[in-house]
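Worksheet for the structure shown next.
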Protein chains: 2
Amino acid sequence: MKTQLGSSNIHTLPEAGRKERDGSGCEACPVRESSMCAALSDTRLEVLDAAASRLSFEPDETILFESDPADFAFNLTEGVARVSKMLPDGRRQITGFLHPGDFLGLSYQDCYAYSAEAVTPVKVCRFRKAELNRIMRDHPDLEHRLLSMASNELALAHDRMLLLGRKSAAEKVASFLLSLPRKEERIDEIDLPMTRGDIADYLGLTLETVSRTLSGFVRQQIVRNATPRIIVVLDMARLSALAAGEGR
Amino acid sequence: MKTQLGSSNIHTLPEAGRKERDGSGCEACPVRESSMCAALSDTRLEVLDAAASRLSFEPDETILFESDPADFAFNLTEGVARVSKMLPDGRRQITGFLHPGDFLGLSYQDCYAYSAEAVTPVKVCRFRKAELNRIMRDHPDLEHRLLSMASNELALAHDRMLLLGRKSAAEKVASFLLSLPRKEERIDEIDLPMTRGDIADYLGLTLETVSRTLSGFVRQQIVRNATPRIIVVLDMARLSALAAGEGR
DNA sequence: CACACGCTTTGATTCACATCAAAGCCACGT
DNA sequence: ACGTGGCTTTGATGTGAATCAAAGCGTGTG
């Protein structure tokens, strides 16, 4: 776990995020097959490759900021990021956690409607939107892929509205745990790189309620706490039932 | 206001919604310029025209049903519809109200992830998805238009997550009132064709809380009740501040 | 090694909204 | 005109999660 940067969310820095070229190009990219890039053949991918800037962000660094001009779109290649919106008095809603392969910045507004920050160390491919639009004109497959990704996002957004509007705290936390990506080989282990406060702001709860709810799951032997950051699922059936809203 | 149809949500009827051809084609369509159809010139629009079935639905009739095979997409041309998801025990979240020009059924899943019902009498253009995809291949402008509509939807979805997760009952109701379309000539009149129960399920509240909150607004002279269905805004500044989350 | 800082957990109390209950209101059909 | 059914409003009470408060815990640092 990295140390916090305190109040250093200086999004207005001319160039947040360090540029870097690692040796290999798109062919070796970890999200070659899961991101929007899957729409293009290796040869056609070179166009995207040429248009991309590779950037890195440390935990809590701002990737993009609500109300800044929306000139760029991003492809997350490594790490976890959070997307959030704020109310004037500081109340925050995290509208999503991004994982490798996720696309960020789709929008036809002039300004971003949300902020995005790194949770863990993050790497992205950044594209100028004007350029991305040009590439889409020449490669309808890419636009098609983005539409299908947007549709999926939209379906997930609807799930989240159901969660926020109608699920109890326990159901919310259970749903959240099961929505996180898990490794094939350790299918019952859940990694929580974000803080309890982040989870709370994602679920529309307070951090105390999240913590209490997790403690409740431990008491009921539904999960076990390897560390505060690693949760081991002991009773998947019960957890799934809760998440689906069957356990009341 | 129409009478209720009681328990007649017989979505399994082979052909819900009555077919009808009104004399005029797409040129005279009320949503010609606001819907996805705006992407196509009059001549190219004929392709869509040929692919569309015009259907009508009475209040509370089901347009499409969660978990039914997602073979069709719809373009709402008249009326108001609600899109909703349910939990197994009957808790409901309305994820959106649809107005003329809105698109319904975008999704690359096999089955719909939500239901849609008419609130008022509704007219739609229905398309076979396979056919729509074929048309999109020939007309990238249409796909582009749908992507831009989906992006907008996504931005609205994020707003709604902020609302559901972090706003108070009063802020939710204020936001809702201001989100409804109003007529140019009567900019301070808000029409609520849906029930208090529908509004509650949209805002993650109970119908009693919605009613009490509206009564509160009347008491504070923020709005006036012409009829239960028509609300007149008296203090737009106050209502906007509440909706933005500035009034606490 | 000890201290400090940030995160998490746990406990006591409060409160906004839900739930339960009962009238009002209005449109429709007889 | 009257009665019925569905929606809305209002009132009394309950409760799940928020708030306020204070310990644990772990990791990096002087």
Side-chain angles (χ1 to χ4, degrees), chain A residues 1-8 59-60 89-93 119-120 163-174 192-219 223-231 242 245 247-248, chain B residues 1-9 59-60 89-93 119-120 163-173 192-219 223-231 242 245 247-248:
Chain A
M1 198 73 186
K2 294 280 164 149
T3 54
Q4 290 298 112
L5 295 184
S7 60
S8 66
D60 291 321
D89 63 359
R91 280 173 286 172
R92 182 180 67 155
Q93 179 67 37
V119 171
T120 65
L163 176 144
L164 288 169
R166 287 299 177 222
K167 286 187 182 178
S168 69
E171 290 165 345
K172 285 176 174 181
V173 173
L192 303 176
M194 65 293 288
T195 66
R196 300 293 186 261
D198 283 345
I199 300 172
D201 283 350
Y202 180 71
L203 298 176
L205 300 170
T206 60
L207 63 92
E208 293 95 328
T209 298
V210 170
S211 180
R212 269 188 257 276
T213 304
L214 282 171
S215 301
F217 287 177
V218 171
R219 215 171 310 115
V223 305
R224 183 166 60 76
N225 238 321
T227 74
R229 184 175 159 165
I230 305 282
I231 303 284
L242 262 174
R248 192 72 274 263
Chain B
M1 198 76 184
K2 293 280 163 153
T3 54
Q4 292 295 116
L5 293 184
S7 59
S8 65
N9 278 335
D60 291 321
D89 64 358
R91 280 173 285 173
R92 182 180 67 152
Q93 177 68 36
V119 171
T120 64
L163 176 144
L164 288 168
R166 288 296 178 227
K167 286 187 182 176
S168 70
E171 290 165 346
K172 285 176 174 181
V173 173
L192 303 174
M194 65 294 288
T195 67
R196 300 292 186 261
D198 283 344
I199 299 172
D201 283 351
Y202 180 72
L203 297 177
L205 300 170
T206 60
L207 65 90
E208 293 94 330
T209 298
V210 171
S211 180
R212 270 188 257 273
T213 303
L214 281 172
S215 300
F217 287 177
V218 172
R219 216 171 311 115
V223 305
R224 182 167 59 78
N225 240 318
T227 77
R229 187 177 156 163
I230 305 281
I231 302 285
L242 262 174
R248 189 78 272 261

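All chains are named by letter (A, B, ...) in the order of the sequence lines, taking the proteins before the strands, and each is independently numbered beginning at 1. Atom set for the values below is all heavy atoms of this structure, side chains included, hydrogens, waters and symmetry mates excluded.
- Between L192(B) atom CG and dT9(D) atom C1' the separation is 15 Å, expressed in whole Å.
- In this entry the distance linking CZ of R166(A) with C1' of dG16(D) reads 15 Å, nearest Å.
- What you find for L164(A) and G204(A) is that their closest heavy atoms are CD2-N, 3.8 Å.
- If you measure from atom CZ of R196(B) to atom P of dT9(D), you get 4 Å, rounded to the nearest angstrom.
- Nearest heavy-atom pair, V119(B) versus P59(B), reported as atom, atom and distance to 0.1 Å: O-CB, 3.4 Å.
- Between T209(B) and G204(A), the one whose closest nucleotide on DNA chain D sits nearer the 5' end is T209(B).
- For E208(B) and dC17(C), a side-chain-to-base donor-acceptor distance below 3.5 Å is absent, hydrogens and geometry of angles not being considered.
- Among the atoms of the strands shown, none is found under 4.0 Å from any heavy atom of G216(B).
- Contact between R166(A) and Q93(B) at its shortest, heavy atoms only, is CG-OE1, 3.6 Å.
- Listed candidates were dC7(C), dT19(C), dT19(D). Nearest to the side chain of T206(B) is dT19(C).
- Following rounding to the nearest Å, L207(B) (CG) and dA18(C) (C1') show an atom-to-atom distance of 11 Å.
- For S215(A), a side-chain nitrogen or oxygen approaches OP1 or OP2 of dT10(C) to under 4.0 Å.
- Rounded to a whole Å, the CG atom of L203(A) is 10 Å from the P atom of dA18(D).
- The base of dG11(C) is paired with the side chain of R212(A) by a donor and an acceptor separated by under 3.5 Å.
- Rounded to whole angstrom, the span from the NZ atom of K172(A) across to the P atom of dA18(D) amounts to 7 Å.
- Residue K172(B) comes nearest to L163(B) through the heavy atom pair CE-O, 3.3 Å, listed as atom of the first residue, atom of the second, then distance.
- At the phosphate of dT9(C), OP1 or OP2 sits under 4.0 Å from a side-chain N or O atom of S211(A).
- R92(B) is listed as a side-chain neighbour of D198(B), based on a closest heavy-atom distance under 4.5 Å.
- We find that CZ of R91(B) is positioned 15 Å from C1' of dT19(C), with the value rounded to whole Å.
- Atom CG in N225(A) sits about 10 Å away from atom C1' in dT8(C), given to the nearest Å.
- Heavy-atom distances to DNA chain D give each of L205(A) and V210(B) a nearest nucleotide, and the one nearer the 5′ end belongs to V210(B).
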